[in-house]
Amino acid sequence: MTPLLIDTDPGIDDALALLLAFGSPECRVEAITTVAGNVEVPLCTRNARRVVAVAAPIRPPWIVEGAAGPLARPLRTATHYHGADGLGDALPPEASPPATAPGLAARTLVETARRVGRMLTVVAIGPLTNVAQALELDATALADIGRLVVMGGAVDVPGNVTPTAEFNMHVDPEAADRVVAAGLPLELVPLDVTQRVILARAALDTALERAPQRLADFVSTFTRFAFRVEAAADHPGLTLHDPLAVGVALSPSFVTFERVRLEIGADGETRRRPGPPNCRVALAVEAERFVPWFLERLCRASSS
Ligand code: RIB
Ligand code: CA
């Protein structure tokens, strides 16, 4: 059973990724650290708590609030897609949990890395601010984990927030640069593969018929907003960016990796560069196999 630490900015696809983890018997979510990205970090923390409350895992993970903004630039959010509250603006209002001490997420990353070591897989599905701050605290501990799976980047395809940059890398390029340069066991799951993994509303609705009612209602409610945004743009469904990163953490065979040397540009571009590789990049994906696998586990994310 693989211990996971998930660093996340929930966010609709992040919430689906968390539920995928809770519905997967191969892993145990040790901790969830939140980071400002799709929405402000207190909302990310509240949304993570909402997902955990619905999943109701036997051993609930620590939920620790992290960086309120990028290392060296103002925060840019994605509320146009995720809603003002980060989960589609359709759930009953809920007070944000009390703020935790700054830097606690970075300390949680380091302490979990020290405790679990090579068995640990960290899955980072938001901007890399917390991971970069953890490197400041103890780069050796982070270098000794098993895998760091990151959803981010656009290597041979256009970006989704600028013509050349993907959102997570664009929000905090300084953090991404430190992470790529740190010699970590880095596996990048970029737009090159995630944009090929599309969840159609009809497929989700059919799958949710098999899920417990509370889980089905929760997922159907928080995804409605994003499905409307996608439909307005004539897109066929939701892009499962973050669920694919969790999927790769649990079953790397969904993708084909290439060892690549990447450089992070000033705006978060992820450019190929000559020289020794500094990461593995997923450049092909078995999307037709992943989506049903994802749906089957999503519907098992909660037993009640
Ligand atoms: O570019 C996609 C990424 O940005 C995903 O992690 C999504 O949640 C947003 O954070
Ligand atoms: Ca995310």
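When a ligand or atom number is given, it counts from 1 through the structure's own listing order. What you see is a predicted model; the values in this text were computed from it and never measured.
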Requested in this report: Please list, chain by chain and in numerical order, all residues satisfying side chain to side chain contact (heavy atoms under 4.5 Å, CB included) with Asp217, sequence neighbours excluded.
Outcome: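 For Asp217, the residues satisfying side chain to side chain contact (heavy atoms under 4.5 Å, CB included) (neighbours in sequence not counted) are Gln213.
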Query raised in the report: Of all residues at least two apart in sequence or in a different chain, which pass the side chain to side chain contact (heavy atoms under 4.5 Å, CB included) check with Tyr81?
Result: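 For Tyr81, the residues satisfying side chain to side chain contact (heavy atoms under 4.5 Å, CB included) (neighbours in sequence not counted) are Ala226, Val229, Glu230, Leu238.
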Contact between [X] and [Y] at the side-chain level, heavy atoms closer than 4.5 Å - yes or no?
{"X": "Val197", "Y": "Phe294", "answer": "no"}
{"X": "His82", "Y": "Thr77", "answer": "no"}
{"X": "Asp85", "Y": "Val39", "answer": "no"}

For ligand 1, which atoms have a heavy atom of [X] less than 4.0 angstrom away?
{"X": "Asp14", "value": "8 (O)"}
{"X": "Phe167", "value": "1 (O), 4 (O), 9 (C), 10 (O)"}
{"X": "Met151", "value": "2 (C), 3 (C), 5 (C), 6 (O)"}

Which residue and heavy atom of the protein sit nearest [atom], plus the separation:
{"atom": "atom 2 (C) of ligand 1", "result": "Glu166 OE2, 3.4 Å"}
{"atom": "atom 9 (C) of ligand 1", "result": "Asn38 OD1, 3.2 Å"}
{"atom": "atom 6 (O) of ligand 1", "result": "Asp242 OD1, 2.6 Å"}
{"atom": "atom 8 (O) of ligand 1", "result": "Asp13 OD1, 2.6 Å"}

Report task. Indicate if Leu20 and Leu199 have the same hydrophobic cluster label, given that clusters are the connected sets of ILVMFWY residues with side-chain heavy-atom separations under 4.5 angstrom. Result ->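 Yes.
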**Report entry** Asp9-ligand 1 polar pair, N/O distance under 3.5 Å
**Finding:** yes
Report summary line: Under 4.0 Å between heavy atoms, the region of Ile125 that gets near ligand 1 turns out to be backbone
Query raised in the report: Taking non-hydrogen atoms only, is Ile12 closer than 4.0 angstrom to ligand 1 via side chain, backbone, both or neither?
Result: neither
Query raised in the report: Using a distance-only test with no angle check, is there a side-chain donor-acceptor pair under 3.5 angstrom linking Ser253 and Arg289?
Result: yes
Query raised in the report: Mind counting the protein N, O or S atoms sitting less than 3.0 Å from the Ca ion (ligand 2)?
Result: 5
Query raised in the report: Would you call Glu296 and Arg300 a salt bridge, using N to O less than 4.0 angstrom?
Result: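 Here Glu296 pairs with Arg300 in a salt bridge, since their nearest N and O are under 4.0 Å apart.
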Query - Exam field: side chain Asp13 to backbone Asp242, donor-acceptor pair closer than 3.5 Å - result: yes
Query - Pairs touching residues 158-171 that satisfy salt bridge (Lys or Arg N to Asp or Glu O under 4.0 Å), sequence neighbours left out - result: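 Non-adjacent pairs meeting salt bridge (Lys or Arg N to Asp or Glu O under 4.0 Å): zero.
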Report task. Using the six-membered ring wherever Trp is involved, compare the ring planes of Phe290 and Trp293 and label them parallel, tilted or perpendicular (cut-offs 30° and 60°). Result -> tilted
